[in-house]
Amino acid sequence: MVVTTLTQHWKMLLQRIFRAVIMGPPGSGKGTVSGRIVKSFGLMHLSSGDLLRANIKDKTELGLLMKSCIDQGQLVPDDVISRLILTEMRNIDQSSWLLDGFPRTVSQAESLDNVCSVNTVINLDVPYQTIKQRLTSRWLHLPSGRVYNIDFNPPKIAGLDDVTGEPLIQRDDDTPETVTRRLKAYENQTRPVLEYYRSKGVLETFSGTETNKIWPHIQALLSKKLSLQN
Ligand SMILES: Nc1nc2c(ncn2[C@@H]2O[C@H](COP(=O)(O)OP(=O)(O)O)[C@@H](O)[C@H]2O)c(=O)[nH]1
Ligand SMILES: Nc1ncnc2c1ncn2[C@@H]1O[C@H](COP(=O)(O)OP(=O)(O)O)[C@@H](O)[C@H]1O
């Protein structure tokens, strides 16, 4: 008897390449939902924030240059992040993928469009008040990007990653003042990207305050879209 896991099942269905983007303000649950999408559907996951933090941790020239920008709650320059992401995408261009945190400006969306078109954009619409509460209790496993929350999904052992047992950190840009600046940047620079994708007919918005309530709707949408395209 052939036993296939759920992920293998979706990988078999994903013979044609499916390209998705997940958007939403800081703390809306992009990383959390991405983890679930990867687990359920086997898409490759590329997170611009994880990539930037890996560069900072490794003290690359780019990381050192971008750190102050990120710590001040500003977006890094379009040309820098577009080059970084589009280069990384070459490693996964034979697979179906999910971009998390990119594009964040209309200019970045146009750069992506010059390379390929996106099938679906998942937009997490979570109230700012909910976000502010979540981010002060976010903990991160830097090497993997796994996120925890003291209230929502605490690690099994406080301060340690469930999988590796390595220490968790709090992000320098998760202070209340910096979160306010990041929300302003979202409002001014990223919200127009939603309109950009809405006009292309690929935007799917999910509103709510709890990831566990939003997730079944995202799961249903992706099951439908992935079955339809094969
Ligand atoms: N209380 C609560 N926290 C959540 C929920 N969903 C995600 N989180 C936490 O909120 C924080 C931000 O989520 P994350 O996925 O990192 O958001 P991102 O910044 O959009 O990638 C993390 O600490 C998550 O563990 C939820 O439904 N309720
Ligand atoms: N596409 C992007 N364009 C510009 N800056 C970015 C981009 N992605 C990430 N950054 C920078 O990295 C920071 C952290 O991003 P991310 O981990 O996606 O955080 P968030 O939890 O705010 O969604 C952003 O506040 C910004 O400074």
Side-chain angles (χ1 to χ4, degrees), residues 21-38 45-56 62-63 65-86 88-89 98-112 122-142 144-155 161-162 168-175 178-190 193 206-216 218:
V21 165
I22 185 159
M23 293 186 62
S28 55
K30 299 183 294 296
T32 305
V33 171
S34 294
R36 295 183 188 193
I37 292 176
V38 168
H45 175 226
L46 197 54
S47 153
S48 54
D50 287 351
L51 266 179
L52 288 167
R53 282 184 289 278
N55 274 276
I56 293 173
L62 182 136
L65 277 171
M66 295 305 123
K67 182 169 170 39
S68 65
C69 208
I70 294 170
D71 286 351
Q72 285 166 32
Q74 293 165 356
L75 295 187
V76 308
D78 284 335
D79 56 335
V80 173
I81 193 72
S82 297
R83 212 175 319 122
L84 186 66
I85 289 283
L86 297 180
E88 283 294 320
M89 275 173 57
L98 172 68
L99 286 183
D100 164 3
F102 181 92
R104 257 176 157 105
T105 65
V106 171
S107 158
Q108 291 175 22
E110 287 167 349
S111 305
L112 180 60
I122 296 165
N123 172 35
L124 303 180
D125 173 30
V126 177
Y128 287 178
Q129 201 45 48
T130 308
I131 283 169
K132 287 187 174 177
Q133 283 163 9
R134 283 181 187 181
L135 289 184
T136 46
S137 47
R138 167 158 69 181
W139 288 83
L140 174 70
H141 179 241
L142 195 51
S144 68
R146 268 185 293 280
V147 278
Y148 298 87
N149 189 282
I150 292 163
D151 311 307
F152 175 64
N153 59 338
D161 177 47
D162 287 352
L168 302 177
I169 58 143
Q170 283 203 287
R171 279 171 45 176
D172 291 341
D173 60 344
D174 272 350
T175 61
T178 313
V179 169
T180 302
R181 279 194 230 122
R182 284 158 60 201
L183 289 172
K184 280 205 184 108
Y186 173 82
E187 209 47 62
N188 296 331
Q189 292 165 274
T190 308
V193 183
F206 300 87
S207 304
T209 56
E210 290 173 56
T211 299
N212 288 345
K213 289 200 177 148
I214 291 176
W215 168 242
I218 297 177

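Given the structure is predicted, the values throughout are model-derived calculations rather than measurements. Indexing begins at 1, ligand by ligand and atom by atom, following the structure's order.
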message: I'd like to know if the side chain of Glu88 and the backbone of Ser47 have a donor-acceptor N/O pair within less than 3.5 Å.
response: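 Checking the backbone N and O of Ser47 against the side chain of Glu88, no donor-acceptor pair under 3.5 Å is found.
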
What is the nearest protein non-hydrogen atom to [atom], stated with its residue, atom name and distance?
| atom | result |
| --- | --- |
| atom 22 (O) of ligand 2 | Arg182 NH2, 2.7 Å |
| atom 27 (O) of ligand 2 | Gln74 O, 2.6 Å |
| atom 9 (C) of ligand 1 | Asn149 ND2, 3.6 Å |

Numbered atoms of ligand 1 (with element) below 4.0 Å of Tyr148, judged on heavy atoms: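 This gives 22 (C), 23 (O), 25 (O) as the contact atoms.
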
query: Should Leu52 be counted as touching ligand 2, given the test is an N or O pair under 3.5 Å?
result: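 For ligand 2, there is no N or O atom that lies under 3.5 Å from one belonging to Leu52.
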
task: List the steps, then state whether side chain to side chain contact (heavy atoms under 4.5 Å, CB included) holds for Thr105 with Thr190.
output: CA-CA 5 Å; Thr105 65; Thr190 308; 5.7 Å; no

[options]: member with heavy atom nearest to [atom]:
| atom | options | result |
| --- | --- | --- |
| atom 5 (N) of ligand 2 | Ile70, Val76, Leu135 | Val76 |
| atom 16 (P) of ligand 2 | Arg181, Arg138, Arg104, Lys30 | Arg104 |
| atom 1 (N) of ligand 2 | Ser107, Gly101, Cys69, Ser47 | Gly101 |

task: Please collect all salt bridge (charged side-chain N to carboxylate O under 4.0 Å, His left out) contacts where either partner lies in residues 130-140, sequence neighbours excluded, each pair once.
output: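 Every pair satisfying salt bridge (charged side-chain N to carboxylate O under 4.0 Å, His left out) with a residue in residues 130-140: Arg138-Asp174.
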
field: Side chain to side chain, Val193 and Arg104, heavy atoms closer than 4.5 Å
entry: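 Side chain of Val193 against side chain of Arg104, heavy atoms only: no contact under 4.5 Å found.
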
query: Given Asp161 and Arg146, is the side chain to side chain contact (heavy atoms under 4.5 Å, CB included) satisfied, shown in steps?
result: CA-CA 8 Å; Asp161 177 47; Arg146 268 185 293 280; 2.9 Å; yes

field: Between CG on residue Asn149 and OG1 on residue Thr32, distance to nearest 0.5 Å
entry: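 Atom-to-atom, Asn149:CG and Thr32:OG1 are 8.0 Å apart.
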
message: Checking contacts here: is it the side chain or the backbone of Asn153 that comes within 4.0 Å of ligand 1, counting heavy atoms only? Could be both or neither.
response: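 It is the side chain that touches ligand 1; the backbone stays farther off.
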
- prompt: Should the proximity of Thr211 to ligand 1, defined as any heavy atom under 4.0 Å, be assigned to the side chain, the backbone, both, or neither?
  reply: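 The answer is both, backbone and side chain.
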
message: Below 4.0 Å from ligand 1: does a non-hydrogen atom of Gly24 turn up there or not?
response: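 No; Gly24 lies far enough from ligand 1 that no heavy-atom distance drops under 4.0 Å.
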
Check: residues 68-77 side-chain donor-acceptor pairs under 3.5 Å, at least two apart:
unit_1, atom_1, unit_2, atom_2, d
Asp71, OD2, Lys67, NZ, 2.6

query: Is Arg53 near ligand 2, meaning one of its heavy atoms is under 4.0 Å from it?
result: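 Per 4.0 Å heavy-atom rule, Arg53 contacts ligand 2.
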
